[in-house]
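These notes concern the structure reproduced below.
The figures here come from the full heavy-atom set of this structure, side chains too, leaving out hydrogens, waters and symmetry mates.
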Amino acid sequence: MSRLHNGPALAGAMLIASMGFSYANAQSIEPVPPPAPQQATPAPVVSPVKTADETTAAFLGRVNTANPETVSLAAAELFKQSPTQVTVGDLIALASSTDAAAADMTGRVTSGFPIIAVSTNAAQFSEQLSALILSDSSQLPTIVALAKKVANKDFSEVVGEGLALAYSTAMQRGDTILAAAIQLQTKSVGVPSDLLIAFSENVQGTAAGPAAPAAAAAAASPIGGAGSTPASGNSIGGSAAGGGSAGTAQAGGGAAPAGGGGSGASGSAATSPSITVSIGSVSTPTSTSPI
């Protein structure tokens, strides 16, 4: 009887022990974390490339459709790749557009000009801007209006330099009408002060450049002596200040001008500011100096 009673009890004890052992093993095993989800690698962004037969407007429109945030950089890069008068004209036309449907792209193209102004192509932009004005003066108000619209210090300075170059070139060509129009536009209402300052400084610098060597050359090479007036300084008869007693001739190399340098009445009375040749009181020249 004891075996029969002890048998089930022993089996129950073994079952309980087995369950406790399994529970202990379960507690000692660390759970394995689930695998992290794999993130998809983003595809590289490929910048659109302008084709040879594609217009600037069509290219930037395509960029605006693909990635609107890159239009400003694309506009600046476009000028860097093709720094020509045509590119400048195209960009200005797009930025000055009044088409409401293209307002977003117009604003993004406009934001590209300050990028150009601080790039290494800023001087080229001023040069091409000047060439555009000289070839098509109707662009002048549009360019100044764009500078007002952008309202950026760096871009205003670049535009001012371009206007100064166009002004100086127009003056050299004798196109005073265009030069006056440029100067008038720089003083119109709302023009950024940085544009006006850059224009004034560059015009003064350009004007002072050729004038200084010319003045130095005139002072260093008198024709008839170093007189104290323009007439005496360029006279043939000598270095006297007002046509009085004759001085030393510089053009002929001798000691007296052709015809003598006496102190007669006609010689001392030559006070006209025009170029004069003294005819002394001596009727027959005795000088052997070459004429």
Side-chain angles (χ1 to χ4, degrees), residues 56 60 71-98 106-215:
T56 301
L60 292 178
V71 172
S72 300
L73 289 173
E77 184 66 22
L78 191 62
F79 177 76
K80 180 179 180 181
Q81 295 175 0
S82 179
T84 64
Q85 175 184 330
V86 175
T87 304
V88 172
D90 290 344
L91 293 176
I92 291 175
L94 288 172
S96 304
S97 174
T98 56
T106 299
R108 294 182 181 112
V109 173
T110 303
S111 299
F113 288 104
I115 300 175
I116 297 174
V118 296
S119 69
T120 55
N121 304 98
Q124 288 179 306
F125 188 88
S126 295
E127 293 172 359
Q128 297 305 321
L129 192 70
S130 170
L132 180 63
I133 295 170
L134 293 170
S135 64
D136 184 6
S137 59
S138 66
Q139 294 287 338
L140 178 59
T142 306
I143 292 169
V144 175
L146 178 62
K148 297 178 185 179
K149 178 181 178 182
V150 175
N152 173 266
K153 180 180 185 297
D154 297 313
F155 183 65
S156 295
E157 292 176 350
V158 169
V159 172
E161 292 168 2
L163 293 175
L165 182 58
Y167 173 86
S168 300
T169 305
M171 289 295 290
Q172 291 173 5
R173 295 177 180 179
D175 192 348
T176 55
I177 295 177
L178 177 57
I182 294 172
Q183 193 170 30
L184 188 63
Q185 282 291 329
T186 61
K187 297 180 180 179
S188 60
V189 178
V191 169
S193 59
D194 296 305
L195 186 154
L196 183 57
I197 293 172
F199 173 78
S200 302
E201 289 179 349
N202 282 273
V203 165
Q204 292 173 1
T206 305

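You'll find the side chain of Ser126 stays beyond 4.5 Å of the side chain of Leu165, heavy atoms only. Under the 4.5 Å side-chain criterion, counting only non-hydrogen atoms from C-beta, Ile92 is in contact with Leu129. Contact annotation: the side chain of Lys80 never approaches that of Ser119 to less than 4.5 Å [non-hydrogen atoms, C-beta and beyond]. Using a 4.5 Å cut-off on side-chain heavy atoms (C-beta onward), Leu60 and Leu91 make contact. The shortest side-chain heavy-atom distance between Val203 and Met171 does not fall under the 4.5 Å cut-off. In this structure the side chain of Asp90 never reaches within 4.5 angstrom of the side chain of Leu78, judged on heavy atoms. Within the 4.5 Å cutoff, no side-chain heavy atoms of Tyr167 are placed close to those of Asn202. The side-chain heavy atoms of Arg173 and Leu178, taken from C-beta on, include no pair separated by under 4.5 Å.
Between Gln85 and Gln128, the closest heavy-atom pair is N-OE1, 2.9 Å. Listed here is the closest heavy atom pair of Phe79 and Thr87: CA-CG2, 3.9 Å. Counting all heavy atoms, side chain and backbone alike, Ala117 lies closest to Ala122 at O-CB, 3.4 Å. Ala76 approaches Gly112 most closely through the heavy-atom pair CB-O, 4.1 Å. In terms of heavy atoms, Val144 sits closest to Ser188 at CG1-OG, 4.1 Å. Ala166 and Leu134 make their closest contact through O-CD2, 3.7 Å (heavy atoms, listed as atom of the first residue, atom of the second, distance).
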* Stepwise side-chain contact (heavy atoms from CB on, under 4.5 Å) check, Gln185 with Leu163 -> CA-CA 9 Å; Gln185 282 291 329; Leu163 293 175; 6.0 Å; no
* Asked: Could you walk me through whether Ser156 and Asp194 pass the side-chain hydrogen bond (donor to acceptor under 3.5 Å, both in side chains) check?
  -> CA-CA 6 Å; Ser156 295; Asp194 296 305; 5.3 Å; no
* To do: Kindly determine whether Leu132 and Ile143 satisfy side-chain contact (heavy atoms from CB on, under 4.5 Å), including the steps that lead there.
  => CA-CA 10 Å; Leu132 180 63; Ile143 292 169; 4.2 Å; yes
* To do: Would you check, one step at a time, whether the test side-chain hydrogen bond (donor to acceptor under 3.5 Å, both in side chains) holds for Ser96 with Thr142?
  => CA-CA 7 Å; Ser96 304; Thr142 306; 5.8 Å; no
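Atom-to-atom distance recorded for Glu157:CD and Leu195:CG is 9.5 Å, nearest 0.5 angstrom. Expressed to the nearest 0.5 Å, how far OG1 of Thr176 lies from CD of Gln183 amounts to 11.5 Å.
Side-chain atoms of Lys148 come within 3.5 Å of backbone N or O of Val189 as a donor-acceptor pair. Side-chain N or O atoms of Lys149 include none that pairs as donor or acceptor with a backbone N or O of Thr110 at under 3.5 Å. Proximity of a side-chain donor or acceptor of Thr186 to a complementary backbone N or O of Leu196 within less than 3.5 Å is not detected. At least one donor-acceptor pair closer than 3.5 Å links the side chain of Ser111 to the backbone N or O of Gly107.
In this pair, Phe113 and Phe155 present their aromatic rings tilted. The plane angle is within the 30 to 60° band.
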